[in-house]
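Everything below concerns the one structure shown next.
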2 protein chains.
Amino acid sequence: MAPTSETLTAERILEATEEVLRRHGPAKATVVDVARALGVSHGSVYRHFRTKAVLREAVTKRWLDRTTAALSGVVTEDADPEARLRDWLAALFAAKRRKAGDDPELFATYQVLTVENGEAVSAHLADLTGQLARIIEDGVDAGVFTAPDPEATARAVFHATGRFHDPGYAAAWQRHDIQAEFEAVVELLVRGLRA
Amino acid sequence: MAPTSETLTAERILEATEEVLRRHGPAKATVVDVARALGVSHGSVYRHFRTKAVLREAVTKRWLDRTTAALSGVVTEDADPEARLRDWLAALFAAKRRKAGDDPELFATYQVLTVENGEAVSAHLADLTGQLARIIEDGVDAGVFTAPDPEATARAVFHATGRFHDPGYAAAWQRHDIQAEFEAVVELLVRGLRA
DNA sequence: CAGCTGACAGATATTGAAATCTGTCAGCTG
DNA sequence: CAGCTGACAGATTTCAATATCTGTCAGCTG
């Protein structure tokens, strides 16, 4: 917790920023707070990040990329495409639900950050639909799925499951019947994909 | 525009409230404004609606019910169930897109009102999924759809198309490729429903 | 006397002055 | 001399005083 006197790196600033955001929330977290947490002047922070907005975007990217990385394992899993598709969607839902449930305040903080940084979010969504597209392509190649345009189909599947990964629906993830809802949608989609 | 001196009815108050909301927006519309628009004292408004919250809820209900009514015609349309399902989803999407596009400020106003009145919204969603369920049941009866539990399937279809009717996605309805996205999702769902 | 008015108390919103923050940069320091 | 500091101008936020609004009700009016 005490500010180590290593040299000031972008990475250390990002860590401190995440901590300040967790403590103060997105509205009250200031660059001065971040500098204080690191035991440096706020001018030094501006040496590594040109503006506060750039700093916040970098933190957001880092957070989004952690989710992407966690899911990439499922894509290359050793199972048939339908099972991998189901696993991937379930893993995405579970990850989101865990994040929202474990630390609602931090989740709300990142929700604010993501609406602020549409750019970073678009890139993240492209990453995720890319993973989905790979699974669907594998299914088409194996002859178990029908999809004239796997990229477009991946986006369709992603959009159709929005209720189970879009942060805007986080409140609904508490409902007792949400798991049944999820399974009903996935069932419909998998049936729609089958050759 | 001049306040007619008919007797003050709940309906006239609701109309005036809608007009005040359109003019001032949800944050600044006051009961005093509504009374002024009607040429009465604000005490008279409280004779018909116990609180401001009740008044706003009533306006919200009215607005939601207009949408439900507009769609009910499609349910009883003379066409095969698959066509009716496609028509109904398209009509819902078109109605939402038109509302959001024609008068964005009023749409934003009602967005605020709907988050305020979760109760009224739940009832509205139940109405809509009820209409969907009837179409799906007809499809099951005709042997063209498979759905062990049509009510649950209706909810699944409704959730899966959320991106095309949930007001939270209104910004995305401006994208040039939204129509293609819509058709891709509907295609997948219809395929998933077929017997 | 049914329905409306307007004064009122407490709650909520607005406003403008004071405090804090962002982003810059000349100069300090190891 | 590379990297950090801290004072500064302008932008933004906070806070407390002031104004407006909500909800009630005793009494007015047609």
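A note on names: the letters A, B, ... follow the listed sequences, proteins ahead of strands, and every chain is numbered from 1. Remember, predicted model here, so these are calculated numbers, not experimental data.
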Whether A:Ser44 contacts D:dT5 is assessed here as follows: a side-chain N or O lying under 4.0 Å from the phosphate OP1 or OP2. Is that the case?
yes
Heavy-atom check, side chain of B:Phe158 versus side chain of B:Leu92, under 4.5 Å:
yes
CZ of B:Arg36 versus P of D:dT20: gap in Å, rounded?
11 Å
Going by purine N1 to pyrimidine N3 plus the second Watson-Crick contact, or the G-U wobble pair, all under 3.5 Å, which nucleotide sits opposite C:dG27?
D:dC4
Whole-Å distance, B:Tyr46 OH to C:dA7 P, equals 17 Å
Just by distance, no angles: are the side chains of B:Thr30 and B:Asp33 close enough, under 3.5 Å, to form a donor-acceptor pair?
yes
Can you tell me how far P of C:dC4 sits from CZ of B:Arg12, to the nearest Å?
10 Å
Compute both the distance and the angle, then confirm whether A:Arg50 meets the cation-pi test with A:Tyr46: under 6.0 Å from the six-membered ring centre, within 45 degrees of the axis.
no
Upstream residue (5' side of DNA chain D) when A:His42 and A:Lys28 are each assigned their closest nucleotide:
A:His42
Among C:dT24, C:dC21, C:dC4, which nucleotide has an atom closest to any side-chain atom of B:Arg47?
C:dC4
Between atom CG in B:Leu38 and atom P in C:dT5, what is the gap in whole Å?
10 Å
Please figure out whether A:Lys52 or B:Ser41 has its closest DNA chain C nucleotide nearer the 5' end.
B:Ser41
Is B:Lys99 close enough and on-axis enough to B:Trp173, meaning under 6.0 Å and within 45°, for cation-pi?
no
Would you kindly give the CG-to-P distance between A:Leu8 and D:dC4, to the nearest whole Å?
6 Å
Return the pairing partner of C:dT20 with a 3.5 Å limit on both distances, Watson-Crick or G-U wobble; otherwise return none.
D:dA11
I need the CD1-P distance between B:Ile13 and C:dC4, as an integer number of Å.
8 Å
Looking across every strand, which nucleic acid part, if any, lies under 4.0 Å from A:Val31 by heavy atom: base, sugar-phosphate, or nothing?
sugar-phosphate
